[in-house]
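Below is one structure, written out as structure tokens; comments come after it.
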Amino acid sequence: MTLSVNLQAVAYLVSAVLFILALKGLTHPATARRGNLYGMLGMLIAIAATLLGNQVQAYGLITFGIVGGAIIGVIVALRIQMTAMPQLVAALHSFVGMAAVLVAIGTFLTRRGAGELDALLMGEISAGVVIGAITFTGSVIAFGKLQGLLSGSPVKYRGQHLLNAVMGIVTIALAVHFAMTGSIFSLLLMTLLAFTLGVTLIIPIGGADMPVIISMLNSYSGWAAAATGFTLHNNLLIIVGALVGCSGAILSYIMCKAMNRSILNVVFGGFGTDTSGGDSAGAVAAEKGVKSAAIEDAVYWMEDANRVIIIPGYGMAVAQAQHSLKEMMELLEARGVEVRFGIHPVAGRMPGHMNVLLAEADIPYDRVLEMDEINPDFASTDVVLVVGANDVVNPAAKEDKTSPIYGMPILEAGRARQVYFLKRSMRPGYSGVDNLLFYQENTSLVFGDAKDTIEGMNSALKGGGH
């Protein structure tokens, strides 16, 4: 069975509508599952319509690729931990980038052999190679930083911005020359420089800015896909690439706004530090004048509270403590305590990281509030429990004009009557900035693994009152 051109166009239109509905559904946790289903159905229709089109002449290698990719995808989906989701997203972005490069080069070689090259096609090939190559190596570097294979600290050196600018200009010049002449030398050098640019653009960006970089690379992958769509004359690929490119760019803007920084500041002025290594938590806390507390102290306060706000961060993801927090919420609510969760837009290592983890634990959506919604309520809250978050509650963002995070909107946890901070050690967050909240009179630190600590609190809550 072969679809006519018109039927294939209709199928692509249906897929495009489903992809738009998928994006709409993903804007809210309550509709995210439906959005995912729309996206999967749209992709199924798109693949089927493409395979049944008259452009496909043989199915051998295509079948091998689909089956092999499906097997790998299923294995990865079953084994991947939620803490590793950001680096998985980065890895998937790199695949899109490399695919764009290979399709562009393959199209050039095929069309050149058939004598079918023209200026417009050459320009599309140039765009696909440059955007795809930058996306590939940039995503690989982001993966390395998130996976801990590379340092989370910014890698800076004298003249790096000038070097990037020169490489960018030369890459564009080579792309223009290649589009005009079809020079293999220009193609190879352009590709090599674009791969290099992907590395040099991302290595200066610190771990604290990784959520923005992930969404930015998502945008790059979309534009790479759109360029590939033009090269292959595939309207659906152009539409999908444009949707991903625009949505990624908008998300990057929203996240930069949440940090009160511009995208240029993130890309060219990255900060962050590697937090590997460790000190004795109790000793460092005492030396710095920070109060530490036992599990029983926190439970005593929470049992008598009317309102408790829990602020999750990457530490919760690492400890896989979201299910224990769900149990804590139920235990406290059984005592008449109002429990809600406060989410900062850049908490974790990727956009929506905390929302996904809380949804995985079946925490009701109406208990999870964004920063702007919950900030007015901290002043009337009895206890705030911070679980592995750091920079997103740091008062230095409001009080210390010399701080790298100054001006970033934060969750104003310090306004509550009492703050309990679950920490493994006194090390700062991913940005490397010391947290002034530690030193407030109403803050106490509870040291230990977040999951173990919360399970200890749950056991104490089950043991009865005081």
Side-chain angles (χ1 to χ4, degrees), residues 15 18-19 21-23 25-26 28-48 50-51 61-99 135-136 139-150 210-211 214-215 217-218 221-222 225 240 244 248 312-327 347-365 368 387-388 449-452 454-455:
S15 293
L18 287 170
F19 289 139
L21 292 174
L23 285 176
L26 293 172
H28 193 278
T31 58
R33 191 184 300 272
R34 185 169 68 238
N36 271 320
L37 291 175
Y38 284 144
M40 288 188 287
L41 179 59
M43 185 57 69
L44 179 62
I45 294 173
I47 293 173
T50 301
L51 292 178
L61 289 176
I62 293 176
T63 303
F64 176 78
I66 290 176
V67 173
I71 292 173
I72 294 172
V74 169
I75 292 174
V76 170
L78 292 175
R79 293 187 177 183
I80 193 72
Q81 297 294 321
M82 288 306 300
T83 49
M85 196 58 66
Q87 46 265 51
L88 175 62
V89 171
L92 295 176
H93 290 161
S94 73
F95 295 162
V96 176
M98 181 55 79
T135 302
F136 173 73
S139 299
V140 168
I141 296 300
F143 171 85
K145 284 176 174 278
L146 291 165
Q147 186 67 18
L149 302 175
L150 301 173
M210 272 300 123
I214 291 296
S215 61
L217 289 169
N218 180 54
S221 69
V240 173
V244 174
Y314 187 65
M316 182 196 75
V318 172
Q320 288 290 286
Q322 62 269 26
H323 297 283
S324 300
L325 282 176
K326 167 72 179 304
E327 183 182 11
R349 295 293 182 267
M350 64 179 286
H353 198 179
M354 296 300 103
N355 302 76
V356 171
L357 291 172
L358 296 180
E360 182 192 28
D362 292 324
I363 291 172
Y365 301 132
V368 181
V387 186
D449 175 80
K451 185 177 181 180
D452 293 342
I454 294 166
E455 288 179 349

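Across every non-hydrogen atom of Phe143 and Gln87, the tightest pair is CD1-O, 3.2 Å. For Gly35 against Ala22, the heavy-atom pair with the smallest separation is O-CB, 3.1 Å. In terms of heavy-atom proximity, Ser139 sits nearest to Thr135 at OG-O, 2.7 Å. Annotation for Phe19 and Gly42: closest pair CZ-C, 3.5 Å, computed over non-hydrogen atoms. Heavy atoms only, all atoms of each residue included: Ala319 and Asp449 are closest at CB-OD1, 3.7 Å. For the residue pair Ser221 and Val96, the shortest heavy atom distance occurs at O-CG1, 3.4 Å.
Among the candidates Asn36, Leu18, Leu21, the single residue satisfying the side-chain contact (heavy atoms from CB on, under 4.5 Å) test with Leu41 is Leu18.
The line from CZ of Arg33 to CG of Leu26 is 12.0 Å long, rounded to the nearest 0.5 Å. Thr31 contributes atom OG1, which lies 11.5 Å from atom CG of Leu37 (distance to the nearest 0.5 angstrom). A distance of 9.5 Å separates OG in Ser15 from CD1 in Ile47, rounded to the nearest 0.5 Å. In this structure, NE2 in His323 is found 8.0 Å from NZ in Lys451, a value given to the nearest 0.5 Å. A distance of 12.0 Å separates CG in Leu217 from CG in Leu92, rounded to the nearest 0.5 Å. The CD atom of Glu455 lies 10.0 Å from the CG atom of Leu325; values are rounded to the nearest 0.5 Å.
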Please tabulate, for side-chain N and O atoms in residues 61-77, each donor-acceptor pair with protein atoms closer than 3.5 Å (sequence neighbours left out).
| unit_1 | atom_1 | unit_2 | atom_2 | d |
| --- | --- | --- | --- | --- |
| Thr63 | OG1 | Tyr59 | O | 2.7 |

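Within the 4.5 Å cutoff, the side chain of Tyr38 has no heavy atoms near those of the Leu23 side chain. Pro312 is not listed as a side-chain neighbour of Gln322, based on a closest heavy-atom distance of 4.5 Å or more.
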**Message:** I'd like to know whether Asn218 forms a side chain to side chain contact (heavy atoms under 4.5 Å, CB included) with Val89, so could you lay out the CA-CA distance, the side-chain angles of the two residues, the decisive distance to 0.1 Å, and finally the verdict.
**Reply:** CA-CA 8 Å; Asn218 180 54; Val89 171; 5.9 Å; no
**Asked** Would Tyr365 and Asn355 satisfy side chain to side chain contact (heavy atoms under 4.5 Å, CB included), going step by step from the backbone distance to the final call?
**Response** CA-CA 9 Å; Tyr365 301 132; Asn355 302 76; over 6 Å; no
**Step-by-step side chain to side chain contact (heavy atoms under 4.5 Å, CB included) determination, Glu360 to Val356** = CA-CA 6 Å; Glu360 182 192 28; Val356 171; 5.6 Å; no
**Asked** Should Met316 and Leu358 be marked as a side chain to side chain contact (heavy atoms under 4.5 Å, CB included) after you check the CA-CA gap, both sets of side-chain angles, and the distance that decides it?
**Response** CA-CA 10 Å; Met316 182 196 75; Leu358 296 180; 4.1 Å; yes
